[in-house]
Student: 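Let me begin by handing over the structure; questions about it come next.
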Amino acid sequence: MTTRKITPGSVLLYATLVVLALFFLMPAYMAAVTALKMPADISLPTAWEWPDVVNWASFSEAIGLLRPNFINSIILTLCATAGSTILGSLNGYVFSKWKFKGSDVVFTLFLFGMFIPYQVILIPLFQTLRSMHLYGGLPGLILAHIVYGLPITSLIFRNFYAQIPTALIESARLDGAGFFSIYLRIVFPLSIPGFVVTSLWQFTQIWNEFLWGICLTRHADNPITVGLAQLAGGQAVSWNLPMAGSIMAAMPVLAIYIFLGRYFIRGLLAGSVKE
Amino acid sequence: MREASRDKLKAFLTLLPSMILIGVFVYGFIGNTIWTSMTDWGGMGALALEPEKNFIGLENYIDLFTGFLGGGFRQDLVNAVYYSVLLLAGAVGLGMFIAILLDQKPRGEDVLRTIFLYPMSLSFIVSGTIWRWLLAPQGGVNVLPTYFGFKPLTFSWLSSQSATLVFNWQDLLRILIYIAAFVLILVGLFLLRKDQGRAIKRWLVPGILLGAFVWLFGGIIPDALFMEEEHGFNLATLGIIMATIWQYSGYTMALYLAGFNGISQDLRDAAMLDGASQFGYYRFVAIPMLKPITISAVIILSHISLKMFDLIFAMTGPDNAETGHPALTMYLTTFRANDFARGAAIAIVLFLIAAMFIVPYLVGQYRQRGRR
């Protein structure tokens with residue numbers, strides 16, 4: 001297959017791929033073009049045309065408006081990602097190497113938490129946080145993300161640790177290593193790729209989350225998705241601002257996706273419960 | 001030996017905090033929501049620290065499904081069903097199609113894969129904002145044909161009032177039984193070649209009998225509602241479905257691509273030697289082999305479509321009844337109208353539908369783990 005000939009089949013293949021690629025890139029192009037236009041130049045019939053004058057001011061304006069939300073999201077995402085991956089790693093270690101009677105049932109019960117529509121826990125979550133005096137601020141939101149992140153992080157780490165040969169653990173035990181020293185000396189050093197995959201997955205999920213952000217935080221502590229929804233929700237706003245805001249809100253995860261795509265995809269596949 | 005049992009205890013204690021957290025935050029909360037859905041918690045004092053709640057049984061559910069004011073919810077539910085089915089068909093179909101194209105190893109495969117998958121990394125709020133602009137009535141997608149010398153489209157993507165496939169909610173029970181009969185017959189036909197006797201006895205005959213029964217004596221089945229109420233597939237939801245397919249078909253593509261790559265080259269060569277065409281290879285070898293992947297994709301997409309809230313919120317805002325979805329209505333009922341009990345009932349309906357897919361799937365996975 002090293003020499004490629006032009007056949008009707010290959011022409012059809014490439015033509016289809018190009019059309020599909022254009023369809024997938026269309027929203028990105030539209031967002032960029034609209035964000036770069038002068039507000040006065042934005043009109044529906046000419047929405048697709050490249051601006052005559054490139055105007056970067058929308059970005060600085062969007063940054064000005066969304067900066068507090070951006071900072072909230074960074075704090076939220078870093079804390080909740082760290083918390084849920086560390087706990088998930090310990091859980092995965094137990095689920096894969098220290099199975100006890102019934103641990104598989106517990107694991108399945110954990111996984112169920114991943115698939116529930118979150119609306120079903122929203123009301124008691126709201127009430128519980130309120131009675132814990134955590135409602136409205138970032139700590140409550142961080143707690144929610146850590147707890148509901150546990151199923152997926154435990155799953156990814158469990159599958160990751162399943163690849164570490166049990167013989168390695170057994171021989172360490174014969175040498176007198178205990179539960180925690182095996183984790184710290186053998187399992188943890190081997191799990192850096194697992195941590196990368198899981199943290200990227202959690203970072204993306206938490207950064208993109210909206211439902212809890214809007215239900216559980218007050219205005220000052222809104223994450224970026226809520227800030228963007230408010231920016232875009234007003235009818236009077238011209239479209240350059242929401243588009244610039246969208247690009248800004250998408251940047252951190254897009255950067256992860258473009259530069260660390262391999263790990264991103266591994267997280268994606270690990271999240272599909274395929275074992 | 002004592003050392004080993006102490007280690008086992010440590011392992012259990014390590015897991016314990018997470019078990020308690022999941023126990024309370026998942027199972028305890030689900031129980032709490034079920035209880036809330038059977039109360040009358042709502043109205044003026046709903047946000048008080050000690051709100052008044054009285055047990056009223058299944059009244060909220062009866063009201064949602066047959067009550068006078070539940071019409072909006074019933075339309076949302078119908079929307080959710082069409083939405084899920086079309087999203088599944090679209091995202092699995094398109095994802096599989098792209099995966100097959102990329103499996104031909106075209107030049108620039110890496111770049112193309114990146115392009116097809118990037119929507120998956122975006123937030124629904126981001127993609128919803130952009131798609132709302134793309135689907136604006138006199139702009140975006142609608143003016144695209146003018147660049148090729150055609151007239152612009154006039155379809156009102158997110159605000160259309162028309163509906164197709166309309167049915168009367170009064171006939172709901174009859175329709176559900178017809179669907180059950182149809183599924184039975186379908187499964188029966190599917191199994192016919194494998195185990196003829198069982199297929200006929202267990203599936204085909206009951207299916208045909210059930211269908212004939214409703215057809216002949218449908219009149220004795222009670223109406224679900226005392227008045228006529230029409231529901232159908234709202235064309236306004238097409239834009240939302242398109243945006244979701246755009247966002248998620250890259251994901252199914254990645255799943256299938258990983259699956260295709262996992263099939264050994266030998267198997268492929270063997271199929272080709274046996275005279276299979278490219279089409280035949282995928283139809284009879286590759287795709288049947290990837291059945292577990294298809295099942296995973298269906299489970300994941302269906303639970304995503306059931307909790308779909310952000311995208312609809314960003315695309316049509318909270319006020320567009322045509323594109324309503326129970327997940328969005330639940331939020332509006334609970335946190336905008338402070339009607340907590342009714343919101344809880346909607347949440348439980350969503351939960352029960354989701355559980356129908358998820359519980360069998362997780363039990364199957366559990367059994368598989370036990371076998372190894």
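Lettering of chains follows the sequences in order, A, B, ..., and the numbering in each one begins at 1.
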Student: Is B/Trp133 in contact with chain A via its backbone, its side chain, both, or neither, using a 4.5 Å heavy-atom distance?
Tutor: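 Contact with chain A involves both backbone and side-chain atoms of B/Trp133.
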Student: Could you work out, with side chain to side chain contact (heavy atoms under 4.5 Å, CB included) as the rule, every residue matching B/Thr39, not counting sequence neighbours?
Tutor: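 Only B/Trp35, B/Thr36, B/Trp41, B/Lys53, B/Ala341 meet the side chain to side chain contact (heavy atoms under 4.5 Å, CB included) criterion with B/Thr39.
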Student: With sequence neighbours left out, what residues match A/Trp48 under side-chain hydrogen bond (donor to acceptor under 3.5 Å, both in side chains)?
Tutor: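 For A/Trp48 there are no side-chain hydrogen bond (donor to acceptor under 3.5 Å, both in side chains) partners, ignoring immediate neighbours.
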Student: Tell me, for A/Ser154 versus chain B, whether the close heavy atoms (under 4.5 Å) come from the side chain, the backbone, both or neither.
Tutor: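 Neither part; nothing is under 4.5 Å.
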Student: Against chain B, label A/Tyr183 side chain, backbone, both or neither, depending on which of its atoms sit under 4.5 Å from a heavy atom there.
Tutor: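 No part of A/Tyr183 comes within 4.5 Å of chain B.
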Student: Taking only heavy atoms into account, what residues of residues 253-263 of chain A are found under 4.5 Å from chain B?
Tutor: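 Counting heavy atoms that sit under 4.5 Å from chain B, the residues of residues 253-263 of chain A involved are A/Val253, A/Leu254, A/Tyr257.
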Student: Between A/Phe126 and B/Phe340, how do the two ring planes meet: parallel, tilted or perpendicular, split at 30° and 60°?
Tutor: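 Geometry flag for B/Phe340 against A/Phe126: parallel rings.
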Student: Taking side chain as everything from C-beta outward and backbone as N, CA, C, O, which of these in A/Thr204 sits under 4.5 Å from a heavy atom of chain B? Side chain, backbone, both or neither.
Tutor: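 Just its side chain gets close to chain B.
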Student: Applying side chain to side chain contact (heavy atoms under 4.5 Å, CB included), name anything that partners A/Leu25, two or more places apart in sequence or on another chain.
Tutor: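 Scan of A/Leu25 (side chain to side chain contact (heavy atoms under 4.5 Å, CB included), adjacent residues dropped) gives B/Ile115, B/Tyr118.
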Student: Which bit of A/Ala28 comes within less than 4.5 Å of chain B, counting heavy atoms only: side chain, backbone, both or neither?
Tutor: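 A/Ala28 touches chain B through backbone and side-chain heavy atoms alike.
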Student: For the residue pair A/Phe112 and B/Tyr27, does the interplanar ring angle fall in the parallel (under 30°), tilted (30 to 60°) or perpendicular (over 60°) class?
Tutor: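 Parallel, since the angle between the ring planes stays under 30°.
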Student: Relative to chain B, which segment of A/Phe210 carries a heavy atom at a distance below 4.5 Å: side chain, backbone, both, or neither?
Tutor: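 Contact with chain B: backbone and side chain both.
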